[in-house]
Amino acid sequence: MTTFARGTDTLTRDALTVLQPGFTGTTAPDWLLRRLGEGLASVGLFGRNIASPEQLRSLTAQLRAEREDVLVAIDEEGGDVTRLEVRTGSSFPGNHALGAVDDVDLTYRVAQELGRRLARCGVNLNWAPSADVNSNPANPVIGVRSFGADTARVARHTAAYVGGLQSAGVAACTKHFPGHGDTAVDSHHAMPRIDADPEVLQERELAPFRAAVEAGTRAVMSAHILVPALDPDRPATLSRRILTELLRGELGYDGLIVTDGMEMRAIADTHGIERGSVLAVAAGADAICVGGGLADDETVRRLRDALVSAVRSGELAEERLAEAAERVRALARWTASAAPRGADEPEGDGADVGLLAARRALTVTGAEDFTPLTEPPYVAALTPVANIAVGEETPWGVAAELLRMLPGTGTGSFSGEEAGRAALEAAGARRIVAVVRDEHRHPWMARALDTLLAGRPGTIVVEMGVPQAAPRGALHIATHGAARVCGRAAAEVIAGH
């Protein structure tokens, strides 16, 4: 089954095997196909690689024509972080919405249906779910990607999600170990630090990962975070204490350890991607994720050569690299042998589970005095800067769904200190629907709402982030996420559909 590398020695082949690179375009470039022939065993897909399910199936078939057992990975969390539906918004609510419903059977079904869609497209490794406990409300990168702030809830839904995804034959990659929830810094931009003591870490951060290990997660992704109570010197991705002694030793995990993207600045700006990759494998990582930003053959060559040189210089044990490469191959064997139930079936009842979940996730305040709209409103989206994990390409809000239900609905996007005044002026005499995302994290957004509600007390407020701020407005709807189905569920309430 395995296509062995042509004309490459074992060491070079192993160095290629542990890489999970990305690429640009909607077809596989020649350099990527050549590397698959030389030993590369994994490929990471992003929104830029996906135009439609049919195109994605053709792309993964192209990859498998070169290497039948290739791992095709994707960052498909559902909710705010979607690659399958990057241009339309996800058909599935994200973790925070599922945690708000708190029905583990529903979480399992959502993950299973998402897994089936991935499997139908030829994807067999999903960099999800996020098992981070959202204990810091100011967290700029996790937020609605977490099942919530309650550790036990996060743990049980992480386990359910792992089970649902893997029942469809898609390997789950639980992230971001040992827990990215208590950070106020985005590791895409800098190195976050968690100063919790060991007891808190054991009871809070690590509990969901224990649940994932017990549920049989096939992969775990490391976080680029410094946790001094666990290792005062190195971030988790580069820490033997965290990856080998804690995750493998104390938690008893024996599956694949994948790094978060090595070009993220928490690593790239401190160690560089070559040195960082060597340190990560030495620490216990088995697969190096790179390609969100750096997505070319030169990156693959640089990382391959760095690993080979480190072995030849004695800095990296050849046995450790071989062990990492074997874990990649073992996961490939599992994906080939896993029996995805329903992966090849046409979409049926499972296709609606995302919308049903989004409806159940709504928290509505003020409904008893609210009369659904019959005239088209003006939707004022108070828009923060999107974090890199979510991206700016994916649409969000309720305007598109309200336009469908109430033709003539207008909309505009506003930010900054003049957002409230500008939205009032743009709305004219129309009823205002103000859409916010994490009001509690953005003082300008809270002030804009103050202005809107002072000028138009009948304003409807839709919070599509973490509903930390007190509900206000004539009607307040918390969707617990900004997926397309979350917007539709909110629009149904507003329009009385």
Side-chain angles (χ1 to χ4, degrees), residues 80 85 87-91 93 97 352 354-356 358-384 386 392-416 418-439 442 444-465 467 469 471-497:
D80 291 29
E85 300 177 278
R87 292 168 191 83
T88 61
S90 181
S91 301
D352 296 325
L355 179 58
L356 295 174
R359 288 169 176 158
R360 289 181 62 186
L362 296 182
T363 300
V364 182
T365 305
E368 59 278 358
D369 299 318
F370 176 72
T371 301
L373 305 191
T374 55
E375 297 296 322
Y378 186 84
V379 178
L382 304 181
T383 307
E392 296 183 353
E393 191 175 7
T394 303
W396 69 285
V398 300
E401 294 295 337
L402 278 175
L403 179 61
R404 189 170 57 82
M405 299 174 192
L406 297 170
T409 293
T411 187
S413 177
F414 307 89
S415 60
E418 295 300 312
R421 183 196 58 77
L424 278 174
E425 185 176 318
R430 286 173 288 184
R431 184 79 173 269
I432 296 175
V433 177
V435 185
V436 297
R437 208 165 176 173
D438 292 342
E439 179 198 342
H442 304 286
W444 69 264
M445 192 182 291
R447 289 191 287 273
L449 269 188
D450 292 340
T451 300
L452 287 176
L453 291 170
R456 304 286 283 279
T459 293
I460 297 162
V461 178
V462 182
E463 169 63 87
M464 302 195 80
R472 52 186 177 146
L475 180 74
H476 186 280
I477 303 172
T479 60
H480 301 90
R484 176 173 52 81
V485 285
C486 297
R488 177 173 169 181
E492 288 173 345
V493 174
I494 295 168
H497 283 210

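This one's a predicted model, so the numbers in the text were calculated from it and none came from an experiment.
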On a heavy-atom basis, the closest approach of G89 and T394 is CA-CG2, 3.9 Å
Who are the salt bridge (Lys or Arg N to Asp or Glu O under 4.0 Å) partners of E492, not counting sequence neighbours?
-> R359, R488
Shortest non-hydrogen separation from L453 to G473 and the atoms involved = CD2-CA, 3.7 Å
Do E463 and T479 come close enough that some side-chain heavy atom pair is under 4.5 Å?
-> no
Are any of the side-chain heavy atoms of V493 and L475 separated by less than 4.5 Å?
-> yes
Mind checking whether M464 and C486 have side chains closer than 4.5 Å, heavy atoms only?
-> yes
Which pair of heavy atoms, one from L362 and one from A489, lies closest together, and at what distance?
-> CD1-O, 3.5 Å
Could you tell me the separation between the CG atom of L406 and the OG1 atom of T409, rounded to the nearest 0.5 Å?
-> 5.0 Å
Mark yes or no for whether R430, through its side chain, and P376, through its backbone, hold a donor-acceptor pair below 3.5 Å.
-> no
Using distance alone, with no hydrogens and no angle criterion, decide if S415 and T383 have a side-chain donor and acceptor under 3.5 Å apart.
-> no
Nearest heavy-atom approach of G458 to A474 is O-CB, 3.5 Å
For the residue pair E439 and L449, establish whether any side-chain heavy-atom pair is separated by less than 4.5 Å.
-> yes
Do the non-hydrogen side-chain atoms of R472 and D450 ever get within less than 4.5 Å of each other?
-> yes
Taking all non-hydrogen atoms of both residues into account, name the closest pair between I477 and A490 and its distance.
-> CD1-O, 3.8 Å
Show me the donor-acceptor pairs within less than 3.5 Å that the side chains of residues 363-373 make with the rest of the protein, sequence neighbours left out.
none

Closest non-hydrogen atom pair between S90 and A483, with its separation | O-CB, 3.8 Å
Return the set of residues passing salt bridge (Lys or Arg N to Asp or Glu O under 4.0 Å) with E401 (not counting sequence neighbours), or none when no residue passes.
-> R404
Pairwise side-chain contact, V436 with V462, heavy-atom cut-off 4.5 Å (strictly under) = no
Measure from the side-chain N and O atoms of H476 to the backbone N and O of V461, and report whether any donor-acceptor pair falls under 3.5 Å.
-> no
Side chain to side chain contact (heavy atoms under 4.5 Å, CB included), paired with P377, selected from I494, V398, L402 | L402
Hey, could you give me the OH/CZ distance between Y378 and R456, rounded to the nearest 0.5 Å?
-> 11.5 Å
Would you tell me whether S91 and R484 have side-chain atoms, one donor and one acceptor, within less than 3.5 Å of each other?
-> yes
Look only at the side chain of D80 and the backbone of A482, and say whether a donor-acceptor pair between them is shorter than 3.5 Å.
-> yes
Distance in Å, M405 CE paired with T374 OG1, rounded so as to fall on 0.5 Å steps | 14.5 Å
Rounded to the nearest 0.5 Å, how far does CZ of F414 lie from CE of M445?
-> 13.0 Å
Any side-chain heavy-atom pair from L452 and L424 closer than 4.5 angstrom?
-> yes
Taking side chain as C-beta onward, heavy atoms only, is H442 less than 4.5 Å from P384?
-> yes
